[in-house]
Amino acid sequence: MNSETCLIIGAGQAASQLAFSLRKEGWLGPITLLGAEAEAPYQKPVLSKEFLFSEKTADDIAIKSTGAYEKKAIHVQRHAVVTKIDRATKQVTLSDGQQLHYDKLAICTGATPRHLTIEGYNKANIFYLNSFIDAQSLRSMISVQQPKKAVIVGGGFIGLEIASSLRKLNIDVTLIETESRILARVSAPEISSYFTALHQQAGVNIILNTKVTAFKGSDTVSGVECDNGAHFDADLVIVGIGVTPNSMLAEEAKLEVNHGIVVDAQGQTSDPDIVAAGDCTVQFHPQSGRHLRIESIQNAVFQAKKAAATLCQKTMPTEETPWFWSDQYQTKLQIAGLSLRYTHTIKRGINDKFSLWYFDGEQLQAVDCVNNPKDFLFAKKVLTKHLPLDQNKLKAQDTPLEETCQSELEPV
């Protein structure tokens, strides 16, 4: 460990965290981040939010300053596209033919947006928001062409956050979702209803149970056609229909891959000299009883810390409650836990400040908090410590949260 070389493929949140965590855990040898983009590691969540109506640069949204990497002797190699991992010789090959040796390797390659291949998919002004260049191109298009009408395909968090940003720019927005409600894959109907109303009040036209079948126009998109015959004018289209893990390098290197790079609780892959972290990975989660791929900054950071400890022959606590957030207009949604299976929910609060508690029988699974950070912090503690709650007390709106816990818990 004193003189060994660690290569990190990727330059996102997981990669950056893993590099700094390696130094914290005592790694003394060379560390190199191999990033395919021209930019140093940056914060992706802002790309669908304030970045679109600001003048922020890549430096403004950097995860760490250039000086921070230099201080820890972490080399960030940009425009470094890895094309092959050779486990036998412990080398990676770059697109320019360069070959780099590693003693330990970390794969933090993230995920790529799913693309539509329908009629007209390659027309101008159709965007997928995943990188700094994507966001910069979209921002430039909005600034120069000043579009009047936008269609967003997909009613998940990315689509809704972009809808919020575009409405702040006074762009007419139609959002098309194939499911019967927005956020259908991640939340209960009550949350979907709340955010539907929020966006409709802001002027967003939400179309449900509808599939986009074609993008119309000459070279530039001018409209969107759907399977029910509906047509929507658009001089801007943004597609947000989920992502696919970037696991091809790992698969070609014969690592275990199953809808993502399979890692254990400590970030270890099927090769003892290779770890992985972030959106490219799939991991067993005791709460759900199955392997999951969790797309969140929190998960990327926690996995990276564990993977770094593993490379330094240390271990970390294997479990942390997953949490997420989304900012839309002036509303903040914070989620603790995973609502993959639940038998019922309990709502606390009213109007624009409330929380929704997901239970599987007696066991709390997750909590969605709308403009309610206190409930969010309480829920995280309860979920992390697997503490039982008195559901009758939880239903009583005037009962303090601390009194609903059947075990001793520090006040929030």
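Because the structure is predicted, anything quoted here is derived from the model rather than measured.
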* To do: Could you walk me through whether Ile85 and Ile9 pass the side-chain contact (heavy atoms from CB on, under 4.5 Å) test, one step at a time?
  => CA-CA 10 Å; Ile85 300 170; Ile9 304 175; 3.8 Å; yes
* Asked: So do the side chains of Asp368 and Phe376 get within less than 4.5 Å of each other, counting heavy atoms only?
  -> no
* Steps toward side chain to side chain donor-acceptor pair (under 3.5 Å) verdict (Gln17, Ser21) -> CA-CA 6 Å; Gln17 181 64 58; Ser21 292; 2.9 Å; yes
* To do: Find the distance between CG (Leu255) and OG (Ser247) and round it off to the nearest 0.5 Å.
  => 10.0 Å
* Gap separating the CD atom of Gln303 from the CD atom of Glu320, nearest 0.5 angstrom -> 11.0 Å
* **Ser16 side chain near Lys64 side chain, heavy-atom distance below 4.5 Å** => yes
* Does any donor atom in the side chain of Gln145 or Asn125 lie under 3.5 Å from an acceptor atom in the other side chain? -> yes
* To do: Determine, for Arg293 against Glu295, whether the closest basic-nitrogen to carboxylate-oxygen distance falls under 4.0 angstrom.
  => yes
* Asked: Under the salt bridge (charged side-chain N to carboxylate O under 4.0 Å, His left out) criterion, do Glu179 and Arg185 qualify, and how do the steps go?
  -> CA-CA 9 Å; Glu179 301 284 347; Arg185 300 173 186 86; 3.6 Å; yes
* Verify the neighbour count for atom NZ of Lys168: are there more than 12 heavy atoms of other residues, nucleotides or ligands below 6.0 Å? => yes
* Evaluate the criterion ring pair (Phe, Tyr, Trp, His ring centres under 6.0 Å) for residue pair His115 and Tyr121; output intermediate values, then yes/no. => CA-CA 9 Å; His115 281 231; Tyr121 73 93; 8.6 Å; no
* To do: I would like to know whether Ser355 and Arg348 meet side-chain contact (heavy atoms from CB on, under 4.5 Å); could you show each step before the answer?
  => CA-CA 5 Å; Ser355 55; Arg348 285 180 65 92; 3.7 Å; yes
* Lys/Arg N to Asp/Glu carboxylate O, Lys90 vs Asp273, below 4.0 Å -> yes
* **Pair listing, ring pair (Phe, Tyr, Trp, His ring centres under 6.0 Å) test, anchored in residues 136-178, at least two apart** => none
* To do: With the side chain counted from C-beta on, respond yes when Leu22 and Cys6 share a heavy-atom pair under 4.5 Å apart, and no when they do not.
  => yes
* To do: Please determine if Lys216 and Glu119 form a salt bridge, counting it only when a charged side-chain N lies under 4.0 Å from a carboxylate O.
  => yes
* To do: Using the ring pair (Phe, Tyr, Trp, His ring centres under 6.0 Å) rule, collect all pairs that involve residues 58-91, keeping only residues at least two apart or in two chains.
  => Phe20-Tyr69
* To do: Return the minimal non-hydrogen interatomic distance between Ala307 and Leu18, and the atom names on each side.
  => CB-CD1, 3.8 Å
* Mind telling me whether Tyr358 and Tyr342 have parallel, tilted or perpendicular rings, with 30° and 60° as the class edges? => perpendicular
* Are Lys149 and Asp235 ion-paired here, with the side-chain N under 4.0 Å from a carboxylate O? -> no
* To do: Decide whether a cation-pi geometry holds between Arg139 and Phe51; the criteria are a distance under 6.0 Å from NZ or CZ to the six-membered ring centre and an angle within 45° of the ring axis.
  => yes
* Is atom CG of Asn228 surrounded by more than 12 heavy atoms (other residues, nucleotides or ligands) closer than 6.0 Å? -> yes
* Closest approach of Ile241 to Gly154 (non-hydrogen atoms, all atoms of both residues) -> CG2-CA, 4.4 Å
* **Non-hydrogen side-chain atoms of Leu249 and Val92 separated by less than 4.5 Å** => no
* Asked: Do any N or O atoms from the side chain of Thr109 and from the backbone of Asn246 form a donor-acceptor pair under 3.5 angstrom?
  -> yes
* To do: Please indicate whether Lys123 has more than 12 foreign heavy atoms, meaning atoms of other residues, nucleotides or ligands, lying under 6.0 Å from its NZ.
  => yes
* Which atom pair, heavy atoms only, marks the closest approach of Ala336 to Lys380? -> CB-CG, 3.8 Å
* Is there a side-chain contact between Leu94 and Leu100, using heavy atoms and a 4.5 Å cut-off? -> yes
* To do: Looking only at non-hydrogen atoms, find the nearest pair between Asn130 and Pro113 and report the distance.
  => CB-CG, 3.3 Å
* Thr310 side chain to Gln266 main-chain N or O, any donor-acceptor pair under 3.5 Å? -> yes
* CD of Glu177 to OG1 of Thr196: how many Å apart, nearest 0.5 Å? -> 10.0 Å
* Any donor-acceptor pair under 3.5 Å linking the side chain of Thr343 with the backbone of Gly361? -> yes
* **Lys104 atom NZ: more than 12 heavy-atom contacts under 6.0 Å** => yes
* Are any of the side-chain nitrogens in Asp271 or Arg87 under 4.0 Å away from the carboxylate oxygens of its partner? -> yes
* **N/O donor-acceptor pair under 3.5 Å between Asp233 side chain and Gly223 backbone** => no
* **Side-chain H-bond candidate by donor/acceptor type, Thr384 with Thr321, under 3.5 Å** => yes
* To do: Can you see which heavy atom on Glu37 is nearest to which on Ser131, and at what distance?
  => OE1-CB, 3.8 Å
* **Under 3.5 Å donor-acceptor, Gln77 side chain and Gly35 backbone** => no
* To do: Ignoring hydrogens and angles, tell me if any N or O in the side chain of Asn372 forms a donor-acceptor pair with the backbone of Asp375 under 3.5 Å.
  => yes
* Can you find a heavy atom in the side chain of Leu292 that is under 4.5 Å from one in the side chain of Val282? -> no
* Asked: Just checking, any donor-acceptor pair under 3.5 angstrom between side chains of Gln328 and Ser164?
  -> no
* Run the salt-bridge test on Asp327 and Lys332 with the 4.0 Å N-O cut-off and return the result as yes or no. => yes
* To do: Start with the C-alpha gap between Val370 and Asp352, add the side-chain angles, then the distance that decides, and say whether side-chain contact (heavy atoms from CB on, under 4.5 Å) holds.
  => CA-CA 7 Å; Val370 174; Asp352 294 324; 5.7 Å; no
* To do: Indicate yes or no: at least one non-hydrogen side-chain atom of Leu160 is less than 4.5 angstrom from one of Ile182.
  => yes
* Structure fact -> In short, ring pair (Phe, Tyr, Trp, His ring centres under 6.0 Å) pairs touching residues 297-335 with sequence neighbours left out are His199-Tyr329
* To do: Please name the pair of heavy atoms, one in Pro41 and one in Gly12, separated by the smallest distance, quoted to 0.1 Å.
  => CB-O, 4.3 Å
* Asked: Is a side-chain donor or acceptor of Glu39 paired with a backbone partner of Ala58 at a separation under 3.5 angstrom?
  -> no
* Asked: Should Thr112 and Val243 be marked as a side-chain contact (heavy atoms from CB on, under 4.5 Å) after you check the CA-CA gap, both sets of side-chain angles, and the distance that decides it?
  -> CA-CA 5 Å; Thr112 299; Val243 298; over 6 Å; no
* Structure fact -> dist Leu166:CG -> Ile152:CD1 (nearest 0.5 Å) comes out at 5.0 Å
* Structure fact -> CG of Leu129 to CG of Leu47, rounded to nearest 0.5 Å, is 5.5 Å
* Check against side chain to side chain donor-acceptor pair (under 3.5 Å), Gln391 and His344 -> CA-CA 11 Å; Gln391 295 186 36; His344 62 283; 2.7 Å; yes
* Hey, what do you get for OG (Ser143) to CG (Leu52), rounding to the nearest 0.5 Å? -> 12.0 Å
* Heavy-atom neighbours of Lys49 NZ exceed 12 at 6.0 Å -> yes
* Compare all side-chain heavy atoms of Gln13 with those of Lys44 and state whether any distance is below 4.5 angstrom. => no
